[in-house]
Amino acid sequence: MTKIILALDFSDKKTAMKLVDNIDPAIFSLKVGPVMFIRYGLKFIKELHCLNFNVFLDLKLFDIPNTIFSAVQSVADLGIWMLSVHILGGSDMLKAAKSAIKSYKDNPPLLIGVTVLTSYSNNDLRSIGISSSIAEQVYLLSNIGKLCFLDGVVCSGKECRQIKNKFGENFKVVSPGFRLHGDQLHDQLQITTLETIKEDKIDFLVLGRSITLSKDPVTSLKNFIKIISK
Ligand code: C5P
């Protein structure tokens with residue numbers, strides 16, 4: 001069963017807490033990225049932990065191996081449940097990230113590699129000198145992630161099945177950019193749909209603006225749960 005991660009990309013904590021205070025940590029995990037982490041920092045993470053939420057710290061780390069090693073240790077010290085690094089940082093960087101969490105025997109964070117941002121088109125890839133298609137690039141980067149012992153990857157739902165078929169059901173797929181039919185796409189191009197969730201067995205679905213920008217996010221979330229449970 002796909003688990004749900006709610007993306008807290010609010011620039012105002014009060015608005016975020018209106019939603020957080022009305023959801024069950026047994027059902028939802030929370031994703032904190034640069035928007036809220038830069039503004040509210042460690043204190044905010046601790047508050048979410050006090051409310052028993054698993055926190056995915058989505059900072060998409062990308063740096064030289066030595067810096068990544070220390071950064072990942074700092075993240076693990078916070079008791080974070082899942083963290084992201086860019087696979088484009090390369091094998092040495094990924095191995096440094098992996099070795100940084102080796103000493104955390106009890107509940108080490110899940111180390112998840114970002115493949116291609118879901119806001120990218122094939123043309124965007126070409127514009128930065130990558131001639132592969134999105135699907136090929138996601139596959140290539142996932143292979144590097146797997147070889148470096150990451151726990152899984154972030155990619156759109158479209159790529160989920162090929163990743164699972166090739167790298168095994170235990171290699172986690174985290175898919176953002178979810179949209180219901182008729183939802184506004186905003187900047188997302190590689191969207192994940194209801195059909196993909198049901199057919200392709202995504203491990204973690206990231207829900208963002210399709211819920212958080214709705215008039216009543218709590219009700220939208222309840223309705224969403226009803227829809228996917230059918
Ligand atoms: O609002 P929306 O549903 O587009 O939210 C997607 C969330 O997933 C954002 O928090 C964004 O930072 C994150 N994300 C993404 N694409 C990736 C990795 C993470 O959109 N490849």
Side-chain angles (χ1 to χ4, degrees), residues 1-10 13 15-37 44-45 47-60 79-84 107 109-115 117-119 151-161 163-164 169-186 188 190-230:
M1 170 81 183
T2 302
K3 299 200 174 105
I4 297 169
I5 301 175
L6 202 57
L8 297 180
D9 292 324
F10 297 96
K13 198 171 111 187
T15 316
M17 294 316 281
K18 257 192 214 161
L19 179 55
V20 170
D21 285 337
N22 282 290
I23 61 174
D24 182 352
I27 302 176
F28 300 99
S29 300
L30 300 175
K31 183 173 94 65
V32 176
V35 179
M36 295 203 76
F37 191 68
F44 182 53
I45 302 290
E47 254 178 76
L48 300 178
H49 280 160
C50 283
L51 295 169
N52 292 322
F53 283 99
N54 279 332
V55 177
F56 172 15
L57 190 58
D58 187 22
L59 296 181
K60 301 185 178 66
I80 289 297
W81 160 68
M82 179 185 278
L83 75 104
S84 58
N107 301 322
L110 290 169
L111 190 57
I112 302 293
V114 177
T115 56
L117 293 175
T118 42
S119 54
D151 296 296
V153 289
V154 183
C155 62
S156 93
K158 287 183 197 167
E159 276 81 40
C160 176
R161 221 356 65 204
I163 300 297
K164 292 274 181 192
E169 296 298 323
N170 287 336
F171 194 59
K172 309 271 181 259
V173 170
V174 180
S175 294
F178 174 78
R179 296 293 184 269
L180 283 169
H181 292 299
D183 274 354
Q184 240 187 296
L185 295 187
H186 304 283
Q188 296 284 20
Q190 310 305 321
I191 59 163
T192 299
T193 62
L194 259 186
E195 292 72 26
T196 340
I197 304 169
K198 293 198 169 171
E199 286 161 22
D200 296 338
K201 304 202 171 63
I202 292 163
D203 297 284
F204 298 103
L205 173 71
V206 176
L207 284 182
R209 285 166 288 183
S210 68
I211 298 295
T212 55
L213 288 188
S214 69
K215 273 196 190 122
D216 179 354
V218 178
T219 306
S220 302
L221 207 48
K222 284 184 183 153
N223 289 340
F224 174 78
I225 295 293
K226 273 188 213 152
I227 295 174
I228 58 161
S229 313
K230 269 185 202 158

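The structure presented is a predicted model; accordingly, all values stated were derived computationally and were not measured.
For the pair Lys13 and Glu47, the salt-bridge criterion is met [side-chain N within less than 4.0 Å of a carboxylate O]. Ion pairing between a basic and an acidic side chain is recognised when a charged N comes within 4.0 Å of a carboxylate O; Glu199 and Lys164 show no such pairing. Remark: Asp151 does not engage Lys172 in a salt bridge, criterion side-chain N to carboxylate O under 4.0 Å.
Contact check for Ile45 versus Phe53: no side-chain heavy atoms found under the 4.5 Å cut-off. Annotation: side chain of Lys201 is not in contact with side chain of Met1 (no heavy-atom distance under 4.5 Å). Using a 4.5 Å heavy-atom threshold, the side chains of Thr193 and Leu180 count as separate. Counting heavy atoms from C-beta outward, Asp203 and Thr2 have side chains that stay 4.5 Å or more apart.
Side chain of Arg179 to backbone of Leu185: a donor-acceptor contact under 3.5 angstrom is found. With Thr192 contributing its side chain and Pro176 its backbone, the two residues share a donor-acceptor pair below 3.5 Å. The backbone N or O of Gln188 lies less than 3.5 Å from no partner atom in the side chain of Thr118, so there is not a single donor-acceptor pair. Counting only distance, with no hydrogens or angles, the side chain of Asp21 and the backbone of Lys18 share no donor-acceptor pair below 3.5 Å.
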Side chain to side chain contact (heavy atoms under 4.5 Å, CB included) between Leu30 and Asn54, worked out: CA-CA 6 Å; Leu30 300 175; Asn54 279 332; over 6 Å; no
Derivation and outcome, side chain to side chain contact (heavy atoms under 4.5 Å, CB included), residues Thr212 and Thr15: CA-CA 9 Å; Thr212 55; Thr15 316; over 6 Å; no
Side chain to side chain contact (heavy atoms under 4.5 Å, CB included) between Ile5 and Trp81, intermediate numbers included: CA-CA 12 Å; Ile5 301 175; Trp81 160 68; 3.9 Å; yes
Chi angles and distances behind the side chain to side chain contact (heavy atoms under 4.5 Å, CB included) call for Leu8, Val35: CA-CA 8 Å; Leu8 297 180; Val35 179; over 6 Å; no
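In Asn107, the CG atom is not crowded: 12 or fewer heavy atoms of neighbouring residues, nucleotides or ligands sit closer than 6.0 Å.
Listed by chain and residue number, Phe224 satisfy the ring-ring contact (aromatic ring centres under 6.0 Å, His included) test with Phe178 (two or more places apart in sequence, or in another chain). Listed by chain and residue number, nothing satisfies the ring-ring contact (aromatic ring centres under 6.0 Å, His included) test with Phe37 (two or more places apart in sequence, or in another chain). In this structure, the ring-ring contact (aromatic ring centres under 6.0 Å, His included) partners of Phe171, at least two apart in sequence or on a different chain, are Phe167.
Atom CG of residue Asp9 and atom CG of residue Leu213 lie 9.5 Å apart, to the nearest 0.5 angstrom.
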